[in-house]
**Student:** 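Submitted below is the structure of interest, expressed as structure tokens.
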Amino acid sequence: MTIEEQLTIRRTEPWREELRKSIKAKDRSTIERVHMNELDAEYRSHCNKEVNKGLTPQQARKEAQRCLDCAKPTCMEGCPVNINIPTFIKHIEAGEFLGAAKVLKETSALPAVCGRVCPQEKQCEAQCIHLKMKKEPVAIGYLERFAADYERESGHISIPETAQPNGIKIAVVGSGPAGLSFAGDMAKSGYDITVFEALHEIGGVLKYGIPEFRLPNEIVDVEIGILRKMGVNFLTNCIVGKTITYEDLHNDGFKGIFVASGAGLPNFMNIPGENLVGVMSSNEYLTRVNLMNAGHPESDTPVLIGKKVAVIGGGNTAMDSVRTARRLGAERSMIVYRRSEEEMPARIEEVKHAKEEGIEILTLHNPIEYIGDEQGRVKQMRLQKMALGEPDASGRCRPVAIEGAIETIDVDEVIVSIGVSPNPLIPSTFQGLKVSKWGTIIVNESTMQSALGDIYAGGDIVRGGATVILAMGDGRRAAAAMHEHLMIINHP
Amino acid sequence: MNKIVSKEYFSANVVKLEVEAPLIARSRKAGHFVIVKIGKNGERIPLTIAGADLGKGTITLVIQAVGGSSKKICALNVGDEITDLVGPLGQATHIEKTGTVVCAGGGVGVAPLMPIVEAFHKAGNRVIVVLAARTKELVILEEQMRVNSDEVIIMTDDGSYGTKGLVTDGVESIINRERVDLCVTIGPAIMMKFVSALTKKYDIPTVASLNTIMVDGTGMCGACRITVGGKTKFVCVDGPEFDAHQVDFDEMLMRLSAYKDIEKK
């Protein structure tokens, strides 16, 4: 059965036909899009509590009514993990919240995570029919989060069905979004999955990168707990390629390996003063605060508490860092970005939240030097003013330096957030892998299979730096392809 | 997991632990390090592996109690477990037959020097070890060094044992009497800086094993970055060993002091 046929069958179930007819499409279209409930900006900028509070059941059902339950749901084309969006939304409209959560889990291992951190405005919501009618899209992300949260808080968490165990051992390298998504799908197909994690915590970037105020760790842990209940094994403090080798995995009977080892070394700009004390990568800053809990009295890990903090970059990680600095007590915390706000890769919601929290956004400025005091601590930065020129290869306007326009600003902490290169550990220790000049593993884009036949890869180690949901999509595609491949080998 | 099977005091502040870690014992080589973390709220700190016993499936760590985290590790007893232990990390020492190798260790740096001395000796080199310490009680691993090398020279700051003087005096005395093909140095950053300056004067290739601040230790955070030959390098994945003559030790010393004020509080 094709996906279209499956969609039609579910769409023509009697309850859904009736629900669709209960409100006219025209009336559905006139309902205003819901607003997310948020913590007060001043209050939240001094604590680590989650900013978005979620929708109430009433708000969620009303928002669900806005969905026209299209025969050809274009929103699904925008979803990297193919969530059956109209079906879960119509369950919410019917008040069947647990049923909605079940639909999410058919294709997503981490719905409560995705409902919070996916850039829905660029994916599913960007394809919503409402946009064609010059209306705001259905708040698919808010609804996803609502269903996942409702299920978790209800205490009736459903565990996805798993096929009869087939005894085939599969290794997953890295427990971030790509690895977890892969593990979930393969566990459903009956495989014996072991996830190897280098750090002491499961979750990868969901734990060390994304801050508590955007994605509480507790929520990540609940979703990981579901994978455990599905039979997925997790092994922390184990570095594939170092603690155990590719050969060890073969000797231990693993028949397939999914490499999702994620981001690696942070990029720096190679400008004078970048190694001064107080200048660090966002990876270091966020890992200290999020993973190591630095900033809390009971944690042994220290973190520099800046009063005047500059974060270099305009992506989500830069926003996470600058908002974290604010919460740790910075009096002045600012984004320094070389293009204009329009070109910023960060989610609009993050930029909005940051501004509400008193973050300064210094656009069209680019650091050219950091100046230290006699102890080698950063005390100032020199910024080159920029103007926008012609569009570059990325389609964004290229920033051009305005000659002589240089200013100096006092800072006592600088967080460099201009991207990362892929983690070098696996590419350097697995002989025979094909690696690009950027250090990413080269794979077949539809199957995610690498040059070594039993190794598949996905997430940042393939993309070089992407989003949680794209990583999860890679995990799903790799799982489907590896499953098919192994079935052919075992049942020729 | 990670159970401590033996504990020995080298001095009041320096402890040798043998830790059950069969996978690391099997895969580690001279020069590798591990990251350890004690307790749920512990800090991740790097420690260079001082040895391994394949039969017992253990690795040896030598720790000097200086900061909060190292004191916590030193306070562990036989039967206790290290909460988190991961490795081996970094690049292994490049071992080859090159002639005469001087291995200069200071303080607790003598411990990670041990497997390197052993490996160079096994590879057929003439190995001369210079062990430096403030005073006699702080000289460690002398006997093991003697068994695995051709000569051991002891230097103490106060002259209470061996020859009075600094590690550099010991190294220079060797250079003055015979040809030296390679120098390997591990110890406090300031000591490695001076050893490096000395051997540079005599144009003797020198390798230093650096001990910087790290968080993840796996090539993700960049806390350990240093400047080598004008380029930024990451000690956790590019090192920990580097061409000492290319290392900017002054910058490294400055970066090592990043959290001094916070530690004092």
Side-chain angles (χ1 to χ4, degrees), chain A residues 197-201 204-205 208-209 236-239 241-245 248 261-268 270 274-288 291-294 296-305 372 374-377 416 420-425 428, chain B residues 1-2 21 23-24 26-28 32 34-35 37-45 67-69 72 83-91 213-227 231-232 234 236-238 248 250-263 265:
Chain A
E197 168 56 50
L199 293 173
H200 58 274
E201 283 261 4
V205 70
Y208 75 74
T236 54
N237 295 319
C238 185
I239 304 178
K242 290 281 185 183
T243 316
I244 56 173
T245 63
D248 290 335
S261 50
L265 296 171
N267 295 336
F268 286 92
N270 297 315
E274 217 166 20
N275 287 348
L276 286 168
V277 174
V279 182
M280 71 192 81
S281 72
S282 49
N283 263 6
E284 177 183 352
Y285 186 66
L286 292 174
T287 300
R288 285 180 184 274
L291 180 73
M292 306 310 295
N293 210 16
H296 276 260
E298 69 270 25
S299 171
D300 292 346
T301 303
V303 64
L304 291 176
I305 308 285
E374 58 285 354
Q375 269 134 36
R377 284 160 201 275
V416 182
V420 293
S421 57
N423 197 306
L425 278 177
S428 66
Chain B
M1 289 266 277
N2 315 329
L23 292 178
I24 302 175
R26 192 186 58 177
S27 47
R28 71 95 216 186
H32 279 143
V34 289
I35 292 269
K37 174 175 163 287
I38 309 295
K40 189 175 165 288
N41 297 311
E43 187 181 8
R44 291 173 69 94
I45 61 167
S69 295
K72 265 192 189 176
T83 320
D84 294 288
L85 173 67
V86 63
L89 293 158
Q91 304 293 333
I213 295 172
M214 293 186 190
V215 185
D216 67 289
T218 63
M220 200 180 78
C221 82
C224 64
R225 67 192 190 278
I226 53 160
T227 303
K231 288 206 176 98
T232 294
F234 298 90
C236 69
V237 287
D238 299 323
D248 183 343
D250 291 330
E251 181 188 86
M252 180 185 161
L253 281 159
M254 179 188 87
R255 290 184 58 78
L256 278 170
S257 71
Y259 294 95
K260 280 252 163 71
D261 300 344
I262 298 175
E263 284 252 310
K265 275 176 199 166

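Below, chain A is the first sequence line, B the second, and so on; all start at residue 1. For clarity, every value in this text was computed on a predicted model and none was experimentally measured.
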**Student:** For A:L425, which atoms come within 4.5 Å of any heavy atom of chain B: side chain, backbone, both, or neither?
**Tutor:**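 The side chain, not the backbone.
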
**Student:** Restricting to side-chain contact (heavy atoms from CB on, under 4.5 Å), what partner residues turn up for B:V34, sequence neighbours left out?
**Tutor:**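 Only B:I24, B:V36, B:L47, B:I49, B:I59, B:L61, B:L85 meet the side-chain contact (heavy atoms from CB on, under 4.5 Å) criterion with B:V34.
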
**Student:** If the condition is side-chain contact (heavy atoms from CB on, under 4.5 Å), which residues does B:A223 pass it with, not counting sequence neighbours?
**Tutor:**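 side-chain contact (heavy atoms from CB on, under 4.5 Å) check on B:A223 returns A:E284, A:R288, B:V215, B:C221.
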
**Student:** Once rounded to the nearest 0.5 Å, what's the spacing between atom CG of B:N2 and atom CG of A:N237?
**Tutor:** 7.0 Å

**Student:** Measure B:I213 against the heavy atoms of chain A and call it side chain, backbone, both or neither at under 4.5 Å.
**Tutor:** side chain

**Student:** Donor-acceptor pair, A:D300 side chain versus B:S69 backbone, under 3.5 Å?
**Tutor:**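 Between the backbone of B:S69 and the side chain of A:D300 there is no qualifying donor-acceptor contact (under 3.5 Å).
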
**Student:** Quick check for you: to the nearest 0.5 Å, what is the distance between B:M220 atom CE and A:L286 atom CG?
**Tutor:**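 Rounded to the nearest 0.5 Å, the CE-CG separation comes to 9.5 Å.
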
**Student:** Given heavy-atom pairs under 4.5 angstrom as the criterion, report whether the side chain, backbone, both or neither of B:K40 touches chain A.
**Tutor:**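 The answer is neither part of B:K40.
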
**Student:** To the nearest 0.5 Å, tell me how far A:E274 CD sits from B:T232 OG1.
**Tutor:** 7.0 Å

**Student:** I'd like to verify something: which residue of A:C238, A:P266, A:A263 has the highest number of heavy-atom pairs under 4.5 Å with chain B?
**Tutor:**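 When all of A:C238, A:P266, A:A263 are compared, A:P266 has the most.
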
**Student:** Grab the two heavy atoms, one from B:G219 and one from A:N423, that are nearest each other, plus how far apart they are.
**Tutor:** O-ND2, 4.5 Å

**Student:** Of all of B:K231, B:H32, B:K37, which one pairs up most often with chain A through heavy atoms under 4.5 Å apart?
**Tutor:**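 Heavy-atom pairs under 4.5 Å are most numerous for B:K37.
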
**Student:** By a 4.5 Å heavy-atom criterion (distance strictly below it), what part of B:I226 contacts chain A: side chain, backbone, both, or neither?
**Tutor:**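 For B:I226, backbone heavy atoms alone lie under 4.5 Å from chain A.
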
**Student:** How long is the gap from CD1 on A:I239 to CD1 on B:I35, to the nearest 0.5 Å?
**Tutor:** 8.5 Å

**Student:** So which part of A:F268 gets closer than 4.5 Å to some heavy atom of chain B, the side chain, the backbone, both or neither?
**Tutor:** side chain

**Student:** Quick one: of B:T218, B:L89, B:D250, who has the most non-hydrogen atom pairs under 4.5 Å with chain A?
**Tutor:**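 Ranked by heavy-atom pairs under 4.5 Å with chain A, first place is B:T218.
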
**Student:** Below 4.5 Å, heavy atoms only, C-beta onward: do A:D248 and B:R26 meet side chain to side chain?
**Tutor:** yes

**Student:** Can you say whether A:V279 sits under 4.5 Å from chain B via the side chain, the backbone, both, or neither, judging by heavy atoms?
**Tutor:**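 Both parts, heavy atoms under 4.5 Å.
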
**Student:** Among A:T301, A:T243, A:T236, which residue has the highest count of heavy-atom pairs closer than 4.5 Å to chain B?
**Tutor:**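 Of the options given, most contacts go to A:T243.
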
**Student:** Between B:R255 and A:N275, is there a side-chain donor-acceptor contact under 3.5 Å, judged purely by atom types and distance?
**Tutor:**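 Not at all, the side chains of A:N275 and B:R255 share no donor-acceptor pair under 3.5 Å.
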
**Student:** Below 4.5 Å, heavy atoms only, C-beta onward: do B:R225 and A:L265 meet side chain to side chain?
**Tutor:** no

**Student:** Let me confirm one number: the CG-NE2 distance from B:D216 to A:H200, rounded to the nearest 0.5 Å.
**Tutor:**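 Separation between the atoms: 10.5 Å.
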
